[in-house]
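To keep things clear, I will list the structure first and then write my remarks on it.
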Amino acid sequence: MDQNVEKQVWQRVLGQAENPRRDLRALELEALEAAAVYRSLSGVFTGRSREQVRQLYDGQMETVVCLRGIGRLSGGVGKAAQISAPEEPVGKALEKRFHCARRAMTEYTARTVDGEFGAVFQHLADLSRRECVLLAELLGGWHQKPPGKAASRR
């Protein structure tokens, strides 16, 4: 099959827009926010759960540098941003991050048709998939104490 025809077919199948490299900045900002949340949550968890949160943070920073690399290779160089974690309860933060990770996974998967950076987008989709798994595990083990007591992990 002709490469252009194949690319067009995949674009229709995945609902992919013309330029899979557009809006990289929004994806980068989302990853920076996630990293800030995970950095903030690292003080809440202990043991294995803390290690999982550290893995989540590391994955987001890997995502950020990959997106910046794609941007640079595509001719755009944006300014580095600093984002702080929003103030929210731990359980709510984990749930929000799960839904954001699921959307990111879908977004990166759709961008795997990019001829130049498809492999990088596949790697980012894999990182997001792992993020979803880790977040589901953390949520499954998170127990919030009744009002007036501090929240804790098993």
Side-chain angles (χ1 to χ4, degrees), residues 14-114 116-154:
L14 297 172
Q16 177 65 30
E18 293 280 325
N19 183 359
R21 290 173 227 162
R22 76 184 195 306
D23 299 329
L24 291 179
R25 183 67 175 166
L27 293 169
E28 179 185 336
L29 292 174
E30 183 69 35
L32 283 168
E33 180 180 319
V37 169
Y38 297 141
R39 186 176 52 245
S40 172
L41 290 176
S42 67
V44 175
F45 290 95
T46 59
R48 181 173 185 269
S49 295
R50 179 178 277 179
E51 175 60 25
Q52 289 174 311
V53 172
R54 189 193 63 73
Q55 289 174 27
L56 290 167
Y57 173 81
D58 290 346
Q60 289 307 305
M61 294 311 297
E62 184 176 345
T63 296
V64 168
V65 295
C66 283
L67 290 170
R68 286 180 181 165
I70 292 170
R72 184 171 181 173
L73 289 165
S74 298
V77 179
K79 292 184 179 183
Q82 294 291 339
I83 296 180
S84 58
E87 297 278 332
E88 55 193 353
V90 173
K92 179 120 175 113
L94 293 173
E95 289 174 17
K96 179 180 175 185
R97 295 301 349 138
F98 177 84
H99 295 297
C100 289
R102 186 190 49 74
R103 284 190 303 272
M105 181 178 58
T106 301
E107 182 72 29
Y108 295 135
T109 300
R111 292 169 185 252
T112 61
V113 298
D114 183 294
E116 191 168 2
F117 301 111
V120 178
F121 286 123
Q122 181 61 58
H123 176 68
L124 296 177
D126 292 342
L127 287 174
S128 294
R129 185 174 298 108
R130 176 72 178 140
E131 182 182 7
C132 287
V133 170
L134 288 172
L135 286 164
E137 289 178 7
L138 285 168
L139 279 162
W142 178 254
H143 298 287
Q144 188 165 354
K145 298 270 184 186
K149 296 187 180 181
S152 69
R153 173 76 172 102
R154 273 196 246 193

Looking at [atom1] of [X] and [atom2] of [Y], how far apart are the two atoms once the value is rounded to the nearest 0.5 Å?
X: Leu135; Y: His99; atom1: CG; atom2: NE2; value: 10.0 Å
X: Ser74; Y: Glu116; atom1: OG; atom2: CD; value: 6.5 Å
X: Glu87; Y: Ser40; atom1: CD; atom2: OG; value: 7.0 Å
X: Arg68; Y: Leu73; atom1: CZ; atom2: CG; value: 14.5 Å

At their closest point, which heavy atom of [X] faces which heavy atom of [Y], and how far apart are they?
X: Gln60; Y: Ala31; value: OE1-CA, 3.2 Å
X: Met105; Y: Ala125; value: CG-O, 3.8 Å
X: Ala35; Y: Met61; value: CB-SD, 3.7 Å
X: Val120; Y: Cys66; value: CG1-CB, 4.2 Å
X: Leu24; Y: Arg111; value: CD2-NH1, 3.7 Å
X: Leu94; Y: Phe45; value: CD1-CZ, 3.9 Å

- Query: Considering the options Leu67, Thr63, Ile70, which one meets the side-chain contact (heavy atoms from CB on, under 4.5 Å) requirement together with Leu27?
  - Reply: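 Answer after filtering Leu67, Thr63, Ile70: Leu67.
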- Passing candidate, side-chain contact (heavy atoms from CB on, under 4.5 Å) with Leu138, options Leu41, Leu56, Val133: Leu56
- Task: Answer yes or no: is there an ion pair linking Arg97 with Glu30, defined by an N-O contact shorter than 4.0 Å?
- Result: yes
Is it true that a side-chain atom of [X] and a backbone atom of [Y] form a donor plus acceptor pair closer than 3.5 Å?
X: Asp23; Y: Ala26; answer: no
X: Thr112; Y: Tyr108; answer: no
X: Ser128; Y: Leu124; answer: yes

Would you say [X] and [Y] make side-chain contact, with heavy atoms under 4.5 Å?
X: Pro86; Y: Glu33; answer: yes
X: Asp126; Y: Gln122; answer: yes
X: His123; Y: Leu127; answer: yes

- Message: For Glu51 and Arg48: C-alpha separation, side-chain torsions, deciding distance, then whether salt bridge (Lys or Arg N to Asp or Glu O under 4.0 Å) applies.
- Response: CA-CA 5 Å; Glu51 175 60 25; Arg48 181 173 185 269; over 6 Å; no
- Listed by chain and number, what are the salt bridge (Lys or Arg N to Asp or Glu O under 4.0 Å) partners of Arg39, not counting sequence neighbours? none
